[in-house]
Amino acid sequence: MGTTATAQRVLLVEGRSHRPALFTDPHHRCLGSHRGLPYSAVRDKKSVTRQTLDDLKQQIPLMGYLQAHDWHPARPLSRGRWMGLCPLHTDRKPSFLVDPNQNLFYCYGCGRGGDVIRFAELYHQVKFPQALALLRQWRGAEPLLQEVARFYGVQLHRHGEAVTYLYQRGVRSLELIEHMRIGYAPGGCLRGWLTQLGHSLPALRQAGLVTGVGYDAYVRRIVFPLESNLYGRSVSASAPPHRFLPGAKGGLYAWAQAQSYPEVILVEGLFDYAVLWQAGFHNVTCSLGTHLNARQFRQLCDAPRTVYLTFDADPHGSGQQAAQGLSQRLREQGIDTRLVSLPEGDDPNSFFVQGGNAQQFQSLLEAARP
Ligand SMILES: [Zn+2]
């Protein structure tokens, strides 16, 4: 934390000013001086030239990267700049300034600012070389994962076992399948399809889509595209039920839609999310497990709201324990919480699959205790 050298050199003046608002140094601190010296990573034989970094920054506009990470511009300023809540600290009123023309940001709250690389460093809490690697990966993986999601989406309708499984888990509407972009990985066909499209085998391996020995990584799995990952649920009892591609699971599921509601329902799994959304609860989001990562926690705290914690009522009580711990942490941040009690042994998915309806679930929400 604290003010960095970059932040001190970055000066952005909001609104009217006698001087034209400017960033005094539009370059990343790691780029060396503005005399155009190339950046060389310390103790790293590979040298990253200014040109390489400029190219990367051009390929990943800051505004697009911010929005892909759930940042929302709250109000426009002059010269095309925007103000919004700071994604780097718990911000109550917008103090995060973005200049899409210069591809720079500055936060009046925490005093930090810079370019997209600096943002990636701060946001993911990594050092410069890791931030570069993450950005490159993000730039490369994005189109590939879109391609994979489309392919698996087509496969879903060709495989009866996938449709049957979805039906058993309460996924019954085409609208829901389209909303969640649910697909099916039968196995044994993704690699061939992608290499035919020109993707290299090493790239597919690196993304985790293909195993070391060259097989599709996901076999007989229902697939849900996430913002930069792919969750696969096995339809076969003989395989581990849950799988993700290497890398972070990302933020809260479909947060952009849920975050506008003053009351949000938080569930553990995507099949819980699915049945609630289908029943008309569009203020639902999912943390993909009971342990929230730092980003997911920040998202829940980004505005005043009430969070209905609806974790599994498993016999060991681990879901309820996790909910209580989370509830306490949220309350410390000023977020109102309610603990929703499902019938013993149920999760939201089984509640609906076993005949529960929207009205009954609504009663559970109303009965939820603080
Ligand atoms: Zn800030």
Side-chain angles (χ1 to χ4, degrees), residues 1-17 19 21-31 57 60-128 130-132 134-135 138 227-228 248 250-252 255-256 258-260 264 285 292-305 307 329-335:
M1 311 299 264
T3 313
T4 65
T6 316
Q8 285 161 354
R9 280 187 278 130
V10 172
L11 174 69
L12 256 172
V13 184
E14 186 194 349
R16 280 168 287 119
S17 161
R19 291 195 305 153
L22 77 159
F23 295 94
T24 52
D25 182 359
H27 294 291
H28 190 274
R29 66 188 163 89
C30 294
L31 294 180
K57 287 192 279 182
I60 307 177
L62 176 63
M63 191 62 143
Y65 191 75
L66 288 170
Q67 287 178 309
H69 291 79
D70 294 323
W71 186 78
H72 297 274
R75 63 187 166 91
L77 302 174
S78 60
R79 290 183 290 275
R81 298 168 309 156
W82 290 88
M83 257 330 219
L85 291 174
C86 177
L88 303 173
H89 79 278
T90 308
D91 204 4
R92 299 278 176 226
K93 67 177 179 48
S95 48
F96 190 80
L97 176 55
V98 179
D99 188 329
N101 299 316
Q102 295 196 73
N103 267 326
L104 293 170
F105 71 95
Y106 181 73
C107 176
Y108 289 95
C110 60
R112 294 177 289 187
D115 56 21
V116 71
I117 305 172
R118 180 74 183 134
F119 181 78
E121 279 181 306
L122 294 167
Y123 189 76
H124 299 290
Q125 298 176 5
V126 294
K127 294 207 181 338
F128 185 72
Q130 284 86 46
L132 282 189
L134 279 175
L135 288 169
W138 193 81
E227 60 186 10
S228 58
L252 292 168
W255 182 240
Q259 82 173 150
S260 56
V264 165
T285 186
L292 272 70
N293 60 35
R295 177 157 161 236
Q296 293 175 328
F297 185 77
R298 271 202 311 264
Q299 287 174 320
L300 284 180
C301 299
D302 70 8
R305 60 169 59 87
V307 179
R329 286 171 58 214
L330 287 169
R331 283 168 173 275
E332 283 162 12
Q333 298 297 321
I335 298 296

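Quick caveat: nothing in here was measured; it's all calculated off a predicted structure. Here, residue 1 is the first one in the sequence, and each next residue gets the next number. Counting starts at 1 for both ligands and their atoms, in listed order.
- A donor and an acceptor atom, one from each side chain of His124 and Gln130, are nowhere located under 3.5 Å apart.
- Thr90 meets the side-chain contact (heavy atoms from CB on, under 4.5 Å) test with Arg92, Gln333; sequence neighbours excluded.
- Put simply, CZ on Phe297 and CG on Leu330 are 4.5 Å apart, with the number rounded to the nearest 0.5 Å.
- Around the Zn ion (ligand 1), protein N, O or S atoms at less than 2.8 Å number 4.
- No side-chain heavy atom of Leu66 sits less than 4.5 Å from a side-chain heavy atom of Trp82.
- Residues passing the side-chain hydrogen bond (donor to acceptor under 3.5 Å, both in side chains) test with Glu227, sequence neighbours excluded: Arg295.
- For Ser228, the side-chain hydrogen bond (donor to acceptor under 3.5 Å, both in side chains) test picks out no residue, with sequence neighbours left out.
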